[in-house]
Each structure stands twice: as structure tokens, then as C-alpha cells.
Protein chains: 2
Amino acid sequence: MTRALESGPVAGIPFGQPLYKAVKLRITRGLVDGQWRPGAAIPSEARLAQMFQVSVGTVRKAIDELVAEKILLRQQGRGTFVAAHTADRTLFYFFHLVGKDGRKETPATELLSFVRARAEADEAVKLGIGRGDRVYRIRNLLRLSGEPVVIDDIVIPAQLFVDLDERVFGAREGTIYGLYQARYGINVIRIAERLSATLADRSTGALLGVASGTPLLAIARIAYTYHDRPVELRHSLVDTTEHEYLSDLVKT
Amino acid sequence: MTRALESGPVAGIPFGQPLYKAVKLRITRGLVDGQWRPGAAIPSEARLAQMFQVSVGTVRKAIDELVAEKILLRQQGRGTFVAAHTADRTLFYFFHLVGKDGRKETPATELLSFVRARAEADEAVKLGIGRGDRVYRIRNLLRLSGEPVVIDDIVIPAQLFVDLDERVFGAREGTIYGLYQARYGINVIRIAERLSATLADRSTGALLGVASGTPLLAIARIAYTYHDRPVELRHSLVDTTEHEYLSDLVKT
DNA sequence: AAGTGGTCTAGACCACCAT
DNA sequence: TGGTGGTCTAGACCACTTA
């Protein structure tokens, strides 16, 4: 088997790409179309090698990258699994607040409002949808140890989350990204965040139980699914009196 | 060659460790003791395999991890190089501020003060030194597009940076971490940061050209060298009027 | 015992770079 | 042209999990 894929076993792949990239794309396709669901095991490396007519080493290299991206999880002796949005994973990869003593805690979410609306121009650009397309706007209050700490304003395209409503959102078990994943097949795999400092106005101050003029951490998030497709905007206001935002590049 | 290293070619390694971990440690040793210097190439994979009496694949796996940690850089056809603290690398991995328009810019540094002092209790713990050990305290003003944006307060142990003084610090070419690396052989390879929101007091406001009471982003950083050894504390205050802090997990 | 991922080897060939 | 890293293969054996 030569390096380039001039007419290989993996169809629909650009020429000149390494074989393992093609294998990675084939596996990703299986994830996108729901062939292998979150929490479940994908076929064994030997089986995939057989399916794709490549060597096990090549399959391993493809899976290596997906594991590095936290899309797949390997468990020796058990198999390779599609990462699911459990509370633990959310806490580790998608929730960056910790107590000033360093402790991590799962936040309790309280739905403040849920409305149907239309995308503003800048939102449409960031979400890759049309200006004026339908969106849901969701406001949540997050508590840590019972105290209000974060106000989250979420914007998601209605076309991706058909028939989502306040009842479904409120009745979910588990995390918000778990709901996206379980009910709508949308798997958030990466987020990008921009942080700045701002001041609490009267209404947000009231929600967070702080005086207006209190400094707050403002976080603008874009959440992405496979192939860097944006699926959610989220703007957070954080009272950093007792908590901090942790930014730490992971080590091996 | 079996998996475990009961009495292998690589001495001084715990039993039961994979061979490639031992190889990785041997390579890291060469980096720590300055055998292979930043910017220079390490021996070829074939040569290392020969030196360590292992297969090329095992050397590659060790290097793979060091490359993933941004400690080494591979360049096809040229060799594998020790990452150096160039302005570009700093901008990409150690400086997280971007303009609100998304543009990255190298900051201009102005030394405000340089004093010899002794470590406070909490600083000593974070730096892994004794309480009261000598440290340098350095205050810098960072400008972006000519405007003051950041105040940096740096604390470093004097024992690691012997004979550092204001003149040496001010006369450096390149980045601060470049100075640590070139003159003291201390290679910062990872940072951890905690962010919160605060208010400008009168003196910091004056330095940043903002009114007291302006919200600022506070960043507490610990910088690490090999083996997770802390070597620098840095506290930053950022005017986020025109700039934001970018937190983005890197993709493959 | 069977099946999974994890490690290690040896070798072939390709792509890229310097000379 | 020679040396470097990059890809791909094939096979052996180990470690771990499950039944």
C-alpha cells in the first residue's frame, strides 16, 4: 500500500492525503451519522482494519488523533468508545470555574427564560446561519454550593433543535450538551472562549446577589461539533468573588 | 524486546514502564542538562534508536509525545528541534490576549521596577522554595499598539536566576522566557492560569490610563519547566476595553 | 479462554530538504 | 545524492477485561 490514496479502499477522499487521515474521516462519518452512538463502543481495531482494508497500525494512528481530540476514549481490554457528555466530562472539559480553594463542583442549573426569536446579524455569522433565522434564547442561572455564580445566555439555531421547548429543556436529565447529544444527535466536541472584565448592572447584580458595579468575568463562547461546525453561542457573566476561571493546557 | 524494562538499555527507570517512556525520559534529560539546546536539532531518529538500542518506532513514539507537548518540533527532511522561545511561539502559546477584532500583536514591554525581596509564604509554596528565600520582583507595563493594556508583576526565585539584575533584564533581546532560556537554561514549557475580575485602584488605573473603578481582568499564572517544576509566578491586570483573553483548546 | 487495546520490532517506501 | 522525518505494513507478544 503506497502513501497516497490514488484509488484506495476509502472513497471520496482528496488525493495526496495519508491513508490514516482517510480512515479518520471514515470513522468520523460514522460518528456524525449516528452509526456509532455516544457511550457505545466502535468496532475493534482489527475489525476496522478489515473493514477498511488497511493495517491495524493505520487504524490505530487514526484513532490516536480522535482520542487526542477527546472524541473517542480507549479502554484497554474493553474497547474504544464514543465520548459521551456525562457530568464528569462536562466538569472537566467544558466548565472551567473552580473555587478559589481549587475545588471543582458541578453547578446546579435554574432555567430563567426560554424564548423563540430571530438571529441578530453577528449571531448569524458566528453560527453560520442566515440573518433572521429562527433561534432559541435560553437564560440560566448557575449555582455553586447553593450560591448564584453564573448567568448563562445561550443562543442556538432552531433548525438544529427541532421542537425544543421549555418543557423538554427543563425536563432533561444530565447536562445541556448531554441533551443536545441524546435528543438531537449534536455532539459538542470543542469550545472556544473569549474573556473580558465588566461590571454588574442592576438586574444582573440582583440575579447574582451582588451590588451593581461589582466586577464580573464575561465569557463569550462558541461551541463546535464535528468538522468545526458551530452549534451554540453562550455568553456568561461570572461572579469571581469565590470562584476563578481555570485555563490550563493539558499535559500527557 | 519485551514490554517491561526489567533490565533494559535505559538505566535508572522505574520497572513496568513502557520502553518509549524511558526513551522519552532520556531525551528529556538531554534537554534539561543542556546537551541539546533550544533551536538546535537533536540526533536523528535512527541515531537515537541506535544510541538507546531500541527500534525507530519506539523512538518515534517518545518524540511524538514531546512534540504534542510542544517541547520538540519536527520538520520533515530537516530534523527534530528543541522548541525555542521566539516571539512567535510566545505569541501563540504564552500570550493569550487578542484585539476585539481578533488580531494578535506582540506586546512592547516597559520595565517599571526591579527589586530583590524575600518570598511570602504563599509564593514559596507555589514556587516550591523555602519561605523567606530570595526572589526578584519585576513589574512591567505591556503596550499594544502603543496603548498600555497590561501590568505584569513577576516573581522568580533568585537561586534559579543568579546575578540577574535590572540591566540584564532590560538589555535582553527577545522575550522574557527567551531570556530565562538563553541565559539561565530555564525552559518554560507550560503555564497554568486562573482568571478573575477586579477593579482598578487609583495607581494601577493611572498606569493603564483608565479611571479607578474600571473593571480589569486579573490573571494569576504559574509557569513550569520540565517535570512540572514551577519557576515563575506572574500576576497580570488587563484592561479589556479593547482586548480579550483567548481560551481555545488546540485542534489537530 | 477469548477478545480488546498497548507495546515493540523490522523493514519498505515516500516526501522533503540540504548540498 | 544522502539524510531526515512521514507513512504503511505485518507480526509477535503483553496487559487488561469480561465471561
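First the proteins, then the strands, lettered A, B, ... as listed; each starts at 1. Note that the coordinates shown come from a computational prediction; the quantities given were computed from them, not determined experimentally.
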For the side chain of B/Ser55, starting at C-beta, report the closest nucleotide among C/dT7, D/dT9, C/dT9. C/dT9
Under a 3.5 Å cutoff, is there a donor and acceptor pairing between the side chains of A/Tyr180 and A/Thr175? no
Rounded to the nearest Å, what distance is computed from the CZ atom of residue A/Arg60 to the P atom of nucleotide C/dT4? 13 Å
For the pair made of CD in A/Gln17 and C1' in D/dC8, what is the distance, rounded to whole Å? 15 Å
Quick one, which residues of residues 36-49 of chain A touch DNA chain D with a heavy atom under 4.0 Å? none
From CD of A/Gln53 over to P of D/dT9, roughly how many Å is that when rounded to an integer? 10 Å
A/Asp152/A/Ser236 under side chain to side chain donor-acceptor pair (under 3.5 Å): CA gap, chis, key distance, verdict: CA-CA 5 Å; A/Asp152 268 350; A/Ser236 306; 2.5 Å; yes
In whole angstroms, the gap separating P of C/dT9 from CD of B/Gln50 amounts to 14 Å
Per A/Pro18 side chain, nearest of listed nucleotides D/dA15, D/dC8, C/dA15: D/dC8
Ignoring backbone atoms, establish whether B/Lys61 has a side-chain N or O less than 4.0 Å from OP1 or OP2 of C/dT7. yes
Among side-chain atoms of A/Asn187 and A/Thr225, is any donor-acceptor pair under 3.5 angstrom? no
Whole angstroms only, please: what is the CD1-P distance between B/Ile63 and C/dT7? 17 Å
Looking only at C/dT9, D/dG6, C/dC8, the nucleotide nearest the B/Gln76 side chain is D/dG6
Select from A/Val59 and A/Arg78 the residue whose nearest nucleotide in DNA chain D is closer to the 5' end of that strand. A/Val59
With the side chain defined as heavy atoms from C-beta on, B/Leu19 is closest, among C/dT9, D/dT9, D/dG5, to C/dT9
Rounded distance (Å) that lies between atom P of C/dT9 and atom CZ of B/Phe52: 13 Å
Out of D/dG6, D/dC8, C/dA10, which has the shortest distance to the side chain of A/Thr58? D/dC8
Residue from A/His96, A/Glu193, A/His235 passing side chain to side chain donor-acceptor pair (under 3.5 Å) with A/Arg221: A/Glu193
Whole angstrom is fine here: how far is it from OH in B/Tyr20 over to P in D/dC13? 21 Å
Would you call the rings of B/Tyr177 and B/His85 parallel, tilted or perpendicular, where under 30° means parallel and over 60° means perpendicular? perpendicular
Testing the 3.5 Å rule here: is there a donor-acceptor pair between the side chains of A/Glu45 and A/Thr80? no
Please report the interatomic distance OG(A/Ser44) to CZ(A/Arg78), rounded to the nearest 0.5 Å. 14.5 Å
